[in-house]
Amino acid sequence: AVEETLAQVWSEVLHVEQVGIDDNFFLLGGDSIRSVQVLSTAQERGLNLTLQQLFKHQTIRNMVQEMTPAEEVVAVTPPEEPFSLISEEDRVQISGDVEDAYPLTMVQVGMLFHSEFNPDTAIYHSINSFHLKARFRLEALREALDYMAARHTLLRTSFDLANFSEPLQLVHSSVQVPLQEHDLRHLSHAEQEMVIKEWLEAEKVRHFDWRVPPLMRVDVHRRTDETFQFTFTAHHAIIDGWSDGLFLTELFNVYTSLLNGEGLPTQPPLVATFRQYVALEREALESEECRQFWLDK
């Protein structure tokens, strides 16, 4: 039964019609992103699977020998209290609208360093642009973005690398994501393409000040009454490629709900916070067991 469930999970995640228990996950098209999907989907169905098991065994037949039921997994509960990951000396220096602060991850530190080291390039300056067929209502998109900013702390995060005992990210209590509308409906399709292309080139060099939140902005170019170009620009330190899809899915679910007159959706609280991720990384960095594991590898 466990093999059958895992085969179904692999089939769904990898978009493969039939999966055998001796098929290799990576030869079927698996990668690191899809590995995370497999883990979360398997856990939803009562199976506990780790990345280590998936990468080590790679076939369902070998994997199930090490698996344990999901209910047997001991949950890791990093600190939940705001400011619990910084020193008291740093805490007393924070004022204003900041509701939480914690250190940067190693990846974030690297991204900000390279952004400053290469100020004339678009490194870690992420631009996503889509031509959408959908109704457009500025007020609804504004409300949806406000909802997302209130729900997700990274949309309200700024970075301070110099004024505390260590680089910190500051979570502000409220932030409004910049939203700008550009009406191109009077132009031909070819003219629209040219305007948008030139605008995107200019957008590449409109860098963020990572000391001032949010490190994201949204622009809409109206093409027709039924279509528009949706572009969101962000610094890579607050959102990655996997999160782009999650962000867009949630944003447009909220936007559609508002367009249909259904109001803001009721969603359960987020099951994890970025503070928890930071805490787990710092725990790993200080762990002799983790250090020895990688030395052995």
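Values below: all heavy atoms of this structure, side chains included; hydrogens, waters and symmetry mates excluded. Model, not experiment: these values are computed from the prediction.
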**Request:** Show your working on salt bridge (charged side-chain N to carboxylate O under 4.0 Å, His left out) between Asp183 and Arg222 and close with a plain yes or no.
**Result:** CA-CA 5 Å; Asp183 196 344; Arg222 302 287 304 277; 5.4 Å; no
**Message:** How close do Ser126 and Asn128 get, counting heavy atoms only, and between which atoms?
**Reply:** OG-ND2, 3.3 Å
**Asked** With no hydrogens and no angle check, do the side chains of Asp90 and Ser165 hold a donor and an acceptor under 3.5 Å apart?
**Response** yes
**Prompt:** With under 30° as parallel and over 60° as perpendicular, where do the rings of His182 and His221 fit, or are they tilted in between?
**Reply:** parallel
**Request:** Examine Val64 and Leu54 and state if one hydrophobic cluster contains both, with Ile, Leu, Val, Met, Phe, Trp and Tyr joined whenever side-chain heavy atoms are less than 4.5 Å apart.
**Result:** yes
**Prompt:** For the rings on Phe25 and Phe55, is their centre-to-centre separation under 6.0 Å?
**Reply:** no
**Item:** Flag side-chain contact, heavy atom, 4.5 Å: Gln108 against Trp210
**Value:** no
**Fill in**
One should read off an interatomic distance between Leu170 CG and Thr157 OG1, to the nearest 0.5 angstrom, of 8.0 Å
**Message:** Between Leu246 and Val177, is there shared hydrophobic-cluster membership here, with clusters defined by ILVMFWY side-chain heavy atoms closer than 4.5 Å?
**Reply:** no
**Request:** Drop me the distance from Met111's CE to Ile123's CD1, to the nearest 0.5 angstrom.
**Result:** 9.5 Å
**Note: Arg156-Glu99 ion pair, threshold 4.0 Å (strictly below)** = yes
**Prompt:** Taking atom CD of Gln53 and atom OG1 of Thr50, what is their separation to the nearest 0.5 Å?
**Reply:** 3.5 Å
**Asked** Can you check whether Tyr102 reaches Leu168 side chain to side chain, under 4.5 Å on heavy atoms?
**Response** no
**Message:** Any salt bridge linking Arg217 with Glu203? Criterion: basic side-chain nitrogen under 4.0 Å from a carboxylate oxygen.
**Reply:** yes
**Prompt:** Is it true that Lys197 and Glu191 have a side-chain N and a carboxylate O under 4.0 angstrom from each other?
**Reply:** no
**Asked** Between the main-chain N or O of Gln37 and the side-chain N or O of Ser40, is there a donor-acceptor pair closer than 3.5 Å?
**Response** yes
**Request:** Measure across Ser115 and Tyr124 and return the closest heavy-atom pair with its distance rounded to 0.1 Å.
**Result:** OG-CB, 3.9 Å
**Request:** Taking all heavy atoms of Asp97 and all of His172, pick out the closest pair and write down the distance.
**Result:** OD1-ND1, 2.9 Å
**Item:** Spacing of OG1 belonging to Thr5 relative to CD1 belonging to Ile60, to within rounding of 0.5 Å
**Value:** 9.5 Å
**Message:** Quick check: is Val278 connected to Phe164 through a chain of hydrophobic side chains (ILVMFWY, heavy atoms under 4.5 Å apart)?
**Reply:** no
**Prompt:** So does Glu201 pair up with Arg206, basic N to acidic O under 4.0 Å?
**Reply:** no
**Prompt:** Checking salt bridge (charged side-chain N to carboxylate O under 4.0 Å, His left out) for the pair Arg137/Glu181: CA distance, chi angles, key distance, verdict?
**Reply:** CA-CA 10 Å; Arg137 202 170 85 231; Glu181 177 186 5; over 6 Å; no
**Prompt:** Should Glu166 and Arg282 count as an ion pair when the cut-off is N to O under 4.0 Å?
**Reply:** yes
**Flag for Glu17-Ser11: side-chain donor and acceptor within less than 3.5 Å** = no
**Message:** Do Leu179 and Ile238 sit in one hydrophobic cluster, given that two such residues count as connected whenever their side-chain heavy atoms are within less than 4.5 Å of each other, even indirectly?
**Reply:** yes
**Asked** Is the NZ or CZ atom of Arg275 positioned over Phe83's six-membered ring, under 6.0 angstrom from the centre and within 45° of the axis?
**Response** no
**Prompt:** Of Asn260, Thr227, Thr256, which meets side-chain hydrogen bond (donor to acceptor under 3.5 Å, both in side chains) against Arg135?
**Reply:** Asn260
**Message:** Run the salt bridge (charged side-chain N to carboxylate O under 4.0 Å, His left out) test on Arg211 and Asp160 for me, step by step, so that the C-alpha distance in whole Å, both residues' side-chain angles and the decisive distance to 0.1 Å come before the verdict.
**Reply:** CA-CA 6 Å; Arg211 297 165 297 183; Asp160 191 314; over 6 Å; no
**Message:** So Gln180 and Val220, do their side chains get closer than 4.5 Å, heavy atoms only?
**Reply:** no
**Prompt:** To the nearest 0.5 Å, what is the distance between CG (Leu104) and CG (Leu161)?
**Reply:** 6.5 Å
**Request:** Would you kindly confirm whether Val9 and Leu51 end up in one hydrophobic cluster when ILVMFWY residues are joined by side chain heavy atoms under 4.5 Å apart?
**Result:** yes
**Item:** Pair Gln292, Asp296: side-chain N/O donor-acceptor within cut-off below 3.5 Å
**Value:** yes
**Message:** Please find the pair of heavy atoms, one from Pro119 and one from His207, that lie closest to each other, and give the distance.
**Reply:** O-NE2, 3.2 Å
**Message:** Using every non-hydrogen atom in the two residues, find where Leu184 and Gln192 come nearest and quote the distance to one decimal.
**Reply:** O-NE2, 2.9 Å
**Request:** With the side chain counted from C-beta on, respond yes when Ile239 and Leu154 share a heavy-atom pair under 4.5 Å apart, and no when they do not.
**Result:** no
**Message:** Check Glu88 with Arg91, please: is the shortest side-chain N to carboxylate O separation under 4.0 Å?
**Reply:** no
**Asked** Hey, is the main chain of Val19 close enough, under 3.5 Å, to the side chain of Asp23 for a donor-acceptor pair?
**Response** no
**Prompt:** How are the rings of Phe228 and Tyr255 set relative to one another: parallel (under 30°), tilted (30 to 60°) or perpendicular (over 60°)?
**Reply:** perpendicular
**Item:** Closest non-hydrogen atom pair between Phe159 and Leu112, with its separation
**Value:** CG-CD1, 3.6 Å
**Request:** State, without any angle test, whether Gln267 and Glu250 hold a side-chain donor-acceptor pair at a distance under 3.5 Å.
**Result:** yes
